[in-house]
Participant: 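Sharing a structure below in structure tokens format, with a few things to ask.
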There are 2 protein chains.
Amino acid sequence: MLPKREGPHRMAEAAKSTRVEAAYERLKGEIRTNRMPPGFQAPEPEIALRLGMSRTPVREALIRLEAEGLVELIPRRGVRVLPIRAEDMREIYQILTSLEPDAAARYAETRPSDQELAPLEQATADMEAALESEDLDTWAEADDRFHQILLDLQGNRRLKDFVRALYDQAHRARVVTMRMRGPPHRSTQEHREILNYLRAGDGDSVRRLFKQHRTRSAEELLAILEKYKLGQL
Amino acid sequence: MLPKREGPHRMAEAAKSTRVEAAYERLKGEIRTNRMPPGFQAPEPEIALRLGMSRTPVREALIRLEAEGLVELIPRRGVRVLPIRAEDMREIYQILTSLEPDAAARYAETRPSDQELAPLEQATADMEAALESEDLDTWAEADDRFHQILLDLQGNRRLKDFVRALYDQAHRARVVTMRMRGPPHRSTQEHREILNYLRAGDGDSVRRLFKQHRTRSAEELLAILEKYKLGQL
DNA sequence: AAATAAATTAATGCATACATTGACGAATGC
DNA sequence: GCATTCGTCAATGTATGCATTAATTTATTT
């Protein structure tokens, strides 16, 4: 019997058109965009009502969101959207600083073609353009895109999923702090350099720069959180 | 049978005496011990029957196990215990090689006291003793304990949970391959050295050795998997 | 005998029911 | 007034029911 791999590997989490899936996506969206802000709390029946379905699929979606670290299920009080404390950001950035540079370095060692790197080039160019026109939202989107693409290119699936979950957790804090600092010249520049070394297949340099990139952004972010006493977002 | 060691800290995962919890623990146990071997498949109702409860709590437990990468829920065919392929082990060890050394190095920088390091000393001593008496099971238990303790000591909770999940995934493959190689002198020795540098507060050395430790064990394991054509466990 | 269609079976996805139990406020005692 | 007990209410944890539909088997056609 042949390996019956079903068709295309799910491209972008192809929605299975199931209610659980719908609930999951919608709730995740609400959380990411702060429509359900950190600390928000509601009992399951209320969520179910809002989503127009019964508790069962909502519950299953919540269990997944809990596993991803976005919400907490408190025994008699419903779901709570997890706040992001400075300590959480520290944890997240520690992990990213360990994982991403190594992953990027490994990828560099595969000597990726220009064609393969094109999306990264695009993202970098977009960052530069957005920086020029001081369009922070677009900049943030391109930044995010850069990292996502790199995650996809590097082959480790477990790493990808985990890091993505961390991005999701950190996203809200980044959105809030983004406007509390000057234009991200440095960060943009670093992306450009990392891309150059990727193109050159220079893993060690990629690792070094990426590590520096993450270390610096972590420091900046934490400095802001402390400066504005945003102990909890 | 291992004495269920529980850190003196919070009993975070204290069994909530709920059926979901029971199902989760039991299924996880069955999978770890290969009573439900990789590739094993069964519909939800059958699992529920075996566990003596309805499908609901079983389902919730399965969703958690799926999030942890131990099983797969296939739409009309029930749960499947995920096989571990060489590629999976490669992924897992890549991540461990990035995360653990940095985490251990950070911990070393905190200049842990001898008292704090006592459990690690114990684990290392146990490994040495087990190696001496050629008791592989005890050796493996102590090895696992060493890494678990270090995970607990290092402060990053997200890192801990994730790495633990990876251990769980890799556990089965390690059990199988353990007896296909000579006595782990080298590995034991490395633990001792890492411990020494932890005691000395020498983060850089800890990182370097730990990285080497993981790199080597990954190579050994993969070599065995390929030699015996254990492409899939 | 191969191919196709129809019938059967059974697993999932979801809704709903319900007992238990914690939360919270009212009533009570000091 | 303050602490305590009691009662009500609601949320969870779990069981059960059911429609849908994939998988499988049987029947039918060629």
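Naming: A, B, ... by sequence-line order, numbering from 1 per chain. Heavy-atom basis, side chains included; hydrogens, waters and symmetry copies ignored.
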Participant: From the set C:dC14, C:dT12, D:dT14, return the single nucleotide nearest to any side-chain atom of B:Pro57.
Facilitator: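 Nearest listed nucleotide: D:dT14.
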Participant: Rounded to whole Å, please give me the gap between CD1 in B:Ile63 and P in C:dC14.
Facilitator: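 That distance rounds to 10 Å.
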Participant: Look at the side chain of A:Glu44 and decide which nucleotide, out of D:dT12, C:dC14, C:dT12, has an atom nearest to it.
Facilitator: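 Of the candidates, D:dT12 comes closest.
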Participant: Output the distance between atom NE2 (A:His147) and atom CZ (A:Phe210), rounded to the nearest 0.5 Å.
Facilitator: 5.0 Å
Participant: Report the residue (B:Arg76 or A:Val20) whose heavy-atom-nearest nucleotide on DNA chain C is the more 5′ of the two.
Facilitator: B:Arg76
Participant: Considering only heavy atoms from C-beta outward, does the side chain of B:Tyr228 approach that of B:Met180 to under 4.5 Å?
Facilitator: yes
Participant: Which nucleotide wins on minimum distance to the side chain of A:Arg55, given the candidates C:dG22, C:dC14, D:dT14?
Facilitator: D:dT14
Participant: Can you find a pair of side-chain heavy atoms, one from B:Ile63 and one from A:Arg64, that are under 4.5 Å apart?
Facilitator: yes
Participant: Please confirm whether the shortest side-chain N or O distance from B:Arg19 to OP1 or OP2 of D:dA15 is below 4.0 Å.
Facilitator: yes
Participant: Quickly work out the B:Leu49 CG to D:dT16 P distance and round it to whole Å.
Facilitator: 12 Å
Participant: Between B:Thr18 and D:dT12, is there a side-chain N or O to OP1/OP2 distance below 4.0 Å?
Facilitator: no
Participant: So, OP1 or OP2 of C:dA15: does either fall under 4.0 Å of a side-chain N or O from A:Ser54?
Facilitator: yes
Participant: Using the six-membered ring wherever Trp is involved, compare the ring planes of B:Phe162 and A:Phe162 and label them parallel, tilted or perpendicular (cut-offs 30° and 60°).
Facilitator: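 The rings of B:Phe162 and A:Phe162 lie parallel, inter-plane angle below 30°.
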Participant: Do side-chain atoms of B:Glu72 reach the backbone of B:Val81 as a donor and acceptor pair under 3.5 angstrom?
Facilitator: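 Not a single qualifying donor-acceptor pair exists.
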Participant: So what is the end-to-end bend of the helix from C:dA1-D:dT30 to C:dC30-D:dG1, with 5 pairs used at each end and the value given to 10 degrees?
Facilitator: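 For the helix from C:dA1-D:dT30 to C:dC30-D:dG1, the axes at either end differ by 10°.
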Participant: Are a donor atom and an acceptor atom from the side chains of B:Gln122 and B:Arg145 found within less than 3.5 Å of each other?
Facilitator: no
